[in-house]
Amino acid sequence: MLPEPVHVIGGGLAGCEAAWQIAAAGVPVVLHEMRPRRTTPAHRTERLAELVCSNSFRSDDCNASAVGLLHEEMRRAHSIIMAQGDAHKLPAGGALAVDRESFSAAVTRAISDHPLIEVVREEIAGMPPGDWDSVIVATGPLTSPGLAEAIRELTGEDALAFFDAIAPIVHFDSIDMTVTWFQSRYDKPGPAGTGADYINCPMDRDRYAAFVAALISGDKAEFREWEKDTPYFEGCLPIEEMARRGPETLRHGPMKPVGLTNPHAPTTKPYAIVQLRQDNALGSLWNIVGFQTKLRHGEQVRIFRMIPGLERAEFARLGGLHRNTFLNSPKLLDPTLRLKADPRLRFAGQITGCEGYVESAAIGLLAGRFAAAERLGMRPSLPPATTALGALLAHITGGHVSDETARVRSFQPMNINFGLFPPAAVPTSEGKRIRGSEKAIAKRGALAARALADCDLWLEDGRRIAAE
Ligand SMILES: Cc1cc2nc3c(=O)[nH]c(=O)nc-3n(C[C@H](O)[C@H](O)[C@H](O)COP(=O)(O)OP(=O)(O)OC[C@H]3O[C@@H](n4cnc5c(N)ncnc54)[C@H](O)[C@@H]3O)c2cc1C
């Protein structure tokens with residue numbers, strides 16, 4: 001007797017991967033995909049796992065890049081998205097780029113031909129029927145309005161954002177602490193702080209003027225046609241738009257220089273101050289407060305490195321503003337991606353607040369494994385936070401440090417990056433400490449080696465639980 005099916009809503013990157021993993025565990029799946037009956041503003045075909053924009057899965061280097069490491073872990077976990085990505089790759093240097101047509105055609109075929117997967121072409125336009133006791137919602141950043149509204153009602157008014165307002169995130173160890181300092185405005189500890197919760201970057205009048213001029217003249221990305229009428233503004237204006245409104249606007253907004261004293265020059269009052277707030281529980285990532293932006297990525301690096309203390313900043317994520325649909329996952333989901341308010345519903349893919357094709361598929365892979373284990377009466381096995389899969393999951397389900405006072409929700413979509421991993425000891429070279437770029441390479445190598453070893457142990461543990 002086969003167990004009851006798990007229902008997966010959405011046949012994108014996450015939904016296909018989830019369905020594949022569930023079926024691989026011997027559990028039947030019904031995959032509900034609304035295309036071609038109804039489409040999204042970005043999809044063009046009726047194929048499953050359609051890549052809506054670029055055809056790149058980004059770097060494939062599992063020793064030096066966090067997304068390359070995620071590729072490798074997913075391959076080891078028998079990911080359908082990685083298997084077909086590899087089978088349909090194109091020449092692209094160190095990146096894994098795929099032939100989008102043959103890739104999604106092959107995923108569609110593999111999913112449709114699987115004896116345990118039934119594909120139903122229909123929109124689920126509201127809450128799934130009550131007799132579906134295990135559901136994975138993987139409807140992506142462009143979830144259809146009926147379902148989005150139903151999720152919003154279930155989770156609360158502001159729990160499902162329709163725009164992401166992404167401020168850049170900087171690796172802590174690239175910030176120059178000889179010119180910046182820790183302090184909260186007026187030393188206020190707030191509900192969870194110490195009074196020294198922000199990193200402050202001071203600017204004098206000339207630097208401020210040059211910075212504002214650079215923001216105004218910087219090259220910006222345009223909104224897409226279907227994004228233009230999505231309401232979002234005033235609460236989260238792009239930084240360059242604030243700069244454009246007047247030379248003093250930023251100094252009275254996110255860069256106000258009040259309630260703070262620079263210990264490196266206590267008698268000099270800064271003309272403006274940029275603040276960074278801790279973004280993850282590990283303290284390895286810091287976001288630039290209020291700096292959501294439509295500046296192009298290259299421009300962001302150039303202009304934000306004008307900020308004192310950030311001259312050598314390495315960015316874990318650059319800023320952006322896009323139409324998106326994503327949950328406040330750290331608050332709403334449990335560690336196995338179930339909605340705390342209705343645990344029969346699991347979420348996967350970009351709707352959980354990860355960003356990117358590979359990350360969306362990775363969270364689909366985990367949601368699928370958790371749902372299958374649950375259906376088979378087994379304990380879901382969580383990947384350790386030292387793996388790329390585990391680091392991404394931990395960020396979504398709890399690793400992010402929320403700022404409840406922020407006007408814009410502080411949990412924002414995130415690509416995988418080494419800043420999400422717990423630190424690893426950096427190897428020495430013949431007993432000597434290594435420095436600079438050599439140290440960065442060694443650090444990434446150490447994190448990657450630990451991740452792959454721990455991933456193998458986790459997969460082995462999963463096999464052992466299944467065999468018991
Ligand atoms: C315009 C745009 C461009 C992007 N470009 C890139 C890029 O270049 N590189 C990158 O890495 N990431 C990109 N992303 C981000 C993201 O990684 C992708 O959107 C990715 O496809 C997300 O995977 P997913 O499975 O969560 O959602 P999707 O791949 O979008 O899959 C969701 C599926 O659910 C279906 N669906 C929606 N609502 C319902 C419903 N109610 N009932 C049934 N089916 C439903 C949709 O038709 C779709 O097939 C982009 C996002 C957007 C919006």
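Values in this document were obtained by computation on a predicted structure and should not be read as measured data. Numbering starts at 1 and runs along the sequence shown. Remember, it's 1-based here, ligands and their atoms both numbered in the order they're listed.
The ligand atoms of ligand 1 that sit less than 4.0 angstrom from a heavy atom of R35 are 47 (O), 49 (O). Residue contact check: G349 has heavy atoms under 4.0 Å from atoms 26 (O) of ligand 1. Listed by atom number, the atoms of ligand 1 under 4.0 Å from E122 heavy atoms are 43 (C). Atom numbering of ligand 1 starts at 1 in the shown order; those under 4.0 Å from a heavy atom of S144 are 37 (C), 38 (N), 40 (C), 41 (N). Against a heavy-atom cut-off of under 4.0 Å, L147 is close to the following atoms of ligand 1: 41 (N). Interface atoms of ligand 1 facing S360, defined by a heavy-atom separation under 4.0 Å, are 17 (O), 22 (C), 23 (O), 26 (O). Remark: ligand 1 atoms within the under-4.0 Å shell around heavy atoms of C53 are 3 (C), 4 (C), 5 (N), 6 (C), 8 (O). Which parts of ligand 1 touch I9 is read off a 4.0 Å heavy-atom cut-off, strictly below it: atoms 42 (N), 43 (C).
Nearest to atom 36 (N) of ligand 1 by heavy-atom distance, out of E46, M34, H32, is M34. Summarising the contacts of atom 30 (O) of ligand 1 with R47, E123, H43, the nearest heavy atom is found in H43. Proximity annotation for atom 24 (P) of ligand 1: of G356, A42, G140, G140 comes nearest, heavy atoms only. Across E33, R38, R121, heavy-atom proximity to atom 48 (C) of ligand 1 is greatest for E33.
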Exercise for review: Walk me through it: do Y357 and F103 pass the test ring-ring contact (aromatic ring centres under 6.0 Å, His included)?
Suggested key: CA-CA 13 Å; Y357 301 144; F103 164 77; 8.6 Å; no
Exercise for review: Go through the steps to decide whether S59 and D61 satisfy the test side-chain hydrogen bond (donor to acceptor under 3.5 Å, both in side chains), and finish with yes or no.
Suggested key: CA-CA 6 Å; S59 170; D61 183 342; 5.4 Å; no
Exercise for review: Go through the steps for E123 and R38 under the test salt bridge (charged side-chain N to carboxylate O under 4.0 Å, His left out), then give the verdict.
Suggested key: CA-CA 7 Å; E123 178 192 3; R38 179 179 186 136; 3.6 Å; yes
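Of the heavy atoms in E359, none comes closer than 4.0 Å to ligand 1. Of the heavy atoms in L13, both backbone and side-chain atoms come closer than 4.0 Å to ligand 1. At a heavy-atom distance under 4.0 Å, no atom of N324 approaches ligand 1. Residue A138 touches ligand 1 through its backbone alone, judged by heavy-atom distances below 4.0 Å.
By the 4.0 Å heavy-atom criterion, A125 is excluded from the residues contacting ligand 1.
By the 3.5 Å distance cut-off applied to N or O atoms, Y357 is counted among the residues near ligand 1. Remark: ligand 1 and S56 share no N or O pair separated by less than 3.5 Å (distance only, no angle test). Checked against a 3.5 angstrom limit, the closest N/O atoms of S54 and ligand 1 fall inside it. For ligand 1, the polar-atom distance check finds an N/O of A14 within less than 3.5 Å of one of the ligand's N/O atoms. Every N/O-N/O distance between T143 and ligand 1 stays at or above 3.5 Å.
The side chain to side chain donor-acceptor pair (under 3.5 Å) analysis of residues 441-457, with sequence neighbours excluded, yields the pairs R76-D456, D173-K443, T386-D454. For residues 68-90, no residue pair satisfies the ring pair (Phe, Tyr, Trp, His ring centres under 6.0 Å) rule, not counting sequence neighbours.
Classification of the F315-F304 ring pair by plane angle, with boundaries at 30° and 60°, yields tilted. Relative ring orientation between H7 and W132 is described as parallel, the plane-to-plane angle staying below 30° on a 0-90° scale split at 30° and 60°.
Partner E374 forms a salt bridge (Lys or Arg N to Asp or Glu O under 4.0 Å) with one of R369, R379, R346 and no other, that one being R346.
Here the closest heavy-atom approach between residue E314 and residue S174 is recorded as N-OG, 2.8 Å. A148 approaches T143 most closely through the heavy-atom pair N-CG2, 3.8 Å. Of all heavy-atom pairs between Q300 and L295, the closest is NE2-O, 2.9 Å.
When the shell of 6.0 Å around CD of E4 is examined, it contains 12 or fewer heavy atoms from other residues, nucleotides or ligands. More than 12 heavy atoms of other residues, nucleotides or ligands shown are found within 6.0 angstrom of NZ on K220.
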